[in-house]
Number of protein chains: 2
Amino acid sequence: MRRGRRAPRGRQHNGHVPADAAPATGLRERKKARTRTAIQHHALRLFTEQGYAATTVEQVAEAADVSPSTVFRYFPTKDDLVLTDELDPALIAAIRSQPAELAPVSAFRAALRQVFGAVDAGLLLDVKTRATLILSVPELRAAMLDQLAQSITWLTELIAERAGRPADDPAARALAGAMVGVWIAAATAWVAHPEDDLLGALDTALAYLERGLALDVS
Amino acid sequence: MRRGRRAPRGRQHNGHVPADAAPATGLRERKKARTRTAIQHHALRLFTEQGYAATTVEQVAEAADVSPSTVFRYFPTKDDLVLTDELDPALIAAIRSQPAELAPVSAFRAALRQVFGAVDAGLLLDVKTRATLILSVPELRAAMLDQLAQSITWLTELIAERAGRPADDPAARALAGAMVGVWIAAATAWVAHPEDDLLGALDTALAYLERGLALDVS
DNA sequence: CGGGTTCATGCTAGTCACTGTCATTTGGAA
DNA sequence: TTCCAAATGACAGTGACTAGCATGAACCCG
């Protein structure tokens with residue numbers, strides 16, 4: 001992220017859990033979806049091929065055969081071409097569906113395994129590509145904080161919901177923060193050793209959290 | 001953060017704990033320090049007065065009576081005009097100086113109170129100004145992730161050091177992540193209620209962590 | 001106290017992300 | 001077909017940031 005006066009923006013993240021997208025019957029809808037996918041697809045390809053900074057939005061536009069204006073209409077910033085996660089909603093639903101007697105962290109772990117276990121190989125590869133890009137490009141890494149903060153808020157609500165506490169309960173928020181923090185820690189460690197299993201490391205880290213983070217237990 | 005091809009950057013953060021800056025005897029050195037301070041000072045002032053996005057680097061340069069090039073020479077990006085923390089080193093030293101028998105989280109809490117208790121009112125105000133700016137301006141918030149990741153690494157080392165474990169111990173890293181995560185959670189909550197006591201909230205959140213984050217203990 | 005070197009600074013001329021506006025096209029409904 | 005609204009493109013900025021070069025002040029040596 002550099003040049004830019006992006007101030008009046010704020011990641012949108014469609015408010016909350018999207019209603020699984022309408023059937024998208026209209027031709028218009030389908031065309032839009034196709035355009036959107038095409039743009040992002042070519043963007044990711046170019047970014048991995050020649051680097052994020054080295055790729056201009058104009059090139060992306062050209063590759064997707066649209067005008068630069070259109071690219072910006074679909075993705076408010078260059079960052080957004082990478083920072084779009086479709087798994088969050090699924091994760092949230094998965095957490096909600098865990099049995100109520102599970103402790104928050106356990107529920108999260110279970111949901112994680114469930115969601116990533118069910119995802120098809122192609123999409124998973126896409127997720128990994130995106131993750132690698134995000135974690136290795138400083139600007140993207142930086143741009144992710146807002147999403148993480150968003151995640152903390154979601155998690156707080158979910159935890160509070162399960163525990164029958166007010167939605168902004170400080171204890172729930174602290175726990176949510178810890179979960180996300182553990183996430184970050186695992187992810188940053190992964191950058192240093194990409195050959196490791198990210199999901200596995202995350203799970204292990206959450207296991208520590210589950211046990212209260214007592215160092216001597218390990 | 002917007003316009004920009006910042007890629008070849010990477011927050012510097014002088015590697016590790018800086019050696020408390022040499023006496024800076026030379027005239028040149030002193031002049032440089034003065035210029036630097038002046039630039040940052042006027043930047044913070046203008047940012048709070050008229051907003052971050054609404055203030056151009058050119059204005060900052062003009063206010064500090066230097067050329068725009070010079071501003072960029074001192075602060076590689078506009079963000080850096082705000083994102084410079086001098087307290088981190090002090091915090092690290094404070095943690096190191098805590099009695100070895102204290103648990104990591106407790107040591108961190110103690111260090112926090114110690115550092116922020118000793119800081120003079122003027123500087124504290126400065127810190128608060130900066131914190132407010134960072135937390136309320138999306139671009140700055142985003143740019144902070146790298147610093148947070150850096151902090152996790154530091155904390156991991158410190159925790160491992162105290163526990164006599166390898167510097168990259170996963171359990172230590174998970175704990176460090178949780179601590180920083182709790183930090184973020186407290187900070188984001190604070191944005192919504194600026195009248196609250198940030199330090200107090202942080203301390204409370206860390207207290208939860210200390211107790212293993214059991215929701216029912218509260 | 002000269003004389004050369006070093007280094008901070010300014011200037012000029014880009015590059016590129018992003019924004020706003022307006023005219024044109026195109027899908028969709030009557 | 002006929003009209004409306006949304007999607008797109010072309011165009012003209014703004015402003016962050018970079019690279020290269022010239023200058024003058026500060027430092028170093030003798």
Side-chain angles (χ1 to χ4, degrees), chain A residues 1-11 22 24-39 43 46-47 50-62 64-83 137-140 142-143, chain B residues 1-11 22 24-39 43 46-47 50-62 64-83 137-140 142-143:
Chain A
M1 93 271 300
R2 189 36 82 32
R3 302 297 185 36
R5 108 219 28 138
R6 126 194 305 162
R9 243 201 98 218
R11 208 152 304 289
T25 33
L27 205 186
R28 201 117 101 182
E29 307 292 327
R30 260 174 293 140
K31 208 169 177 182
K32 258 175 81 173
R34 220 180 320 127
T35 308
R36 186 187 173 80
T37 309
I39 294 176
L46 289 172
F47 291 164
Q50 30 174 297
Y52 180 78
T55 306
T56 72
V57 175
E58 202 175 323
Q59 285 170 31
V60 173
E62 195 169 345
D65 199 40
V66 296
S67 77
S69 329
T70 300
V71 173
F72 281 115
R73 231 175 306 257
Y74 280 96
F75 303 89
T77 75
K78 192 182 176 187
D79 301 350
D80 289 312
L81 284 165
V82 183
L83 295 175
V137 179
E139 356 180 7
L140 295 177
Chain B
M1 93 267 296
R2 190 37 83 33
R3 302 297 187 34
R5 105 217 30 134
R6 126 195 307 162
R9 246 200 96 219
R11 209 153 303 290
T25 32
L27 205 184
R28 204 118 97 181
E29 308 291 327
R30 260 174 292 140
K31 212 169 173 181
K32 260 175 80 172
R34 220 180 321 128
T35 308
R36 186 187 173 81
T37 309
I39 294 175
L46 289 173
F47 291 163
Q50 30 172 295
Y52 180 79
T55 306
T56 72
V57 174
E58 202 175 323
Q59 286 170 30
V60 173
E62 195 169 345
D65 200 40
V66 295
S67 78
S69 334
T70 300
V71 174
F72 283 115
R73 233 177 303 257
Y74 281 95
F75 302 90
T77 75
K78 193 183 176 187
D79 302 349
D80 289 311
L81 285 164
V82 183
L83 295 175
V137 179
E139 356 181 5
L140 295 176

Colleague: Starting at CG of A/Asp65 and ending at P of D/dT8, how long is that distance when rounded to a whole Å?
Modeller: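 In whole Å, D/dT8 P lies 12 Å from A/Asp65 CG.
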Colleague: In this structure, how many angstroms lie between the C1' atom of D/dT18 and the NZ atom of B/Lys78, rounded?
Modeller: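 It is 17 Å, rounded to the nearest whole Å.
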Colleague: Answer yes or no: does a side-chain N or O of B/Tyr74 lie under 4.0 Å from OP1 or OP2 of C/dA8?
Modeller: no
Colleague: If you only use heavy atoms from C-beta on, which nucleotide in C/dA8, C/dC16, C/dG10 is closest to the side chain of A/Thr56?
Modeller: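 Among the listed nucleotides, the one closest to the side chain of A/Thr56 is C/dC16.
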Colleague: Working to the nearest 0.5 angstrom, can you tell me the gap between B/Ser67 OG and B/Glu58 CD?
Modeller: 10.5 Å
Colleague: Quick one: pull up OG1 in B/Thr70 and CZ in B/Phe72 and give me the separation to the nearest 0.5 Å.
Modeller: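 Here the rounded value is 11.0 Å.
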Colleague: Which atom pair, heavy atoms only, marks the closest approach of B/Ala61 to B/Pro68?
Modeller: CB-N, 3.7 Å
Colleague: B/Arg34 CZ to D/dA26 P: how many Å, rounded?
Modeller: 11 Å
Colleague: I need the NZ-C1' distance between A/Lys31 and C/dT25, as an integer number of Å.
Modeller: 10 Å
Colleague: Could you please name the option among D/dG9, C/dA8, D/dA25 that lies closest to any side-chain atom of A/Ser67?
Modeller: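 Between D/dG9, C/dA8, D/dA25, the one nearest the side chain of A/Ser67 would be D/dG9.
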Colleague: If I take atom CD in residue B/Glu62 and atom C1' in nucleotide C/dG10, what distance separates them, rounded to the nearest angstrom?
Modeller: 15 Å
Colleague: For B/Glu139 and B/Ala53, work out which heavy atoms get closest and say how close.
Modeller: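 Scanning both residues, the minimum pair turns out to be OE2-CB, 4.1 Å.
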Colleague: Rounding to an integer number of Å, can you tell me how far A/Arg36 CZ sits from D/dT8 P?
Modeller: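 Distance check: A/Arg36 CZ to D/dT8 P gives 12 Å.
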Colleague: Only counting residues at least two apart or in another chain, list the ones meeting side-chain contact (heavy atoms from CB on, under 4.5 Å) with B/Thr55.
Modeller: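 Testing B/Thr55 for side-chain contact (heavy atoms from CB on, under 4.5 Å), a comparison that skips the adjacent residues, returns B/Leu46, B/Phe47, B/Gln50, B/Gln59, B/Val60.
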Colleague: Once you round it to whole Å, what is the distance between C1' of C/dG27 and CZ of A/Arg30?
Modeller: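 Value for this atom pair: 11 Å.
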Colleague: Whole angstroms only, please: what is the NZ-P distance between A/Lys32 and D/dA6?
Modeller: 9 Å
Colleague: Whether the side chain of B/Tyr52 engages the backbone of B/Asp79 through a donor-acceptor N/O pair (distance < 3.5 Å, no angle test) should be reported.
Modeller: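 Yes.
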Colleague: Taking the minimum atom-to-atom distance to the side chain of B/Phe72, which one of D/dT18, C/dG10, C/dA8 wins?
Modeller: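 Looking only at heavy atoms from C-beta outward on B/Phe72, the closest nucleotide is D/dT18.
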Colleague: Between N or O atoms, less than 3.5 Å apart, protein on one side and nucleotides 19-23 of chain D on the other: list the pairs.
Modeller:
none

Colleague: If you check the B/Thr35 side chain, which of C/dT9, D/dA26, D/dA7 turns out closest?
Modeller: C/dT9
Colleague: Has the side chain of B/Tyr74 got a donor or acceptor atom that lies under 3.5 Å from a matching backbone atom of B/Thr37?
Modeller: no
Colleague: Tell me which nucleotide among D/dA7, D/dG15, D/dT8 gets nearest to the side chain of A/Thr70.
Modeller: D/dT8
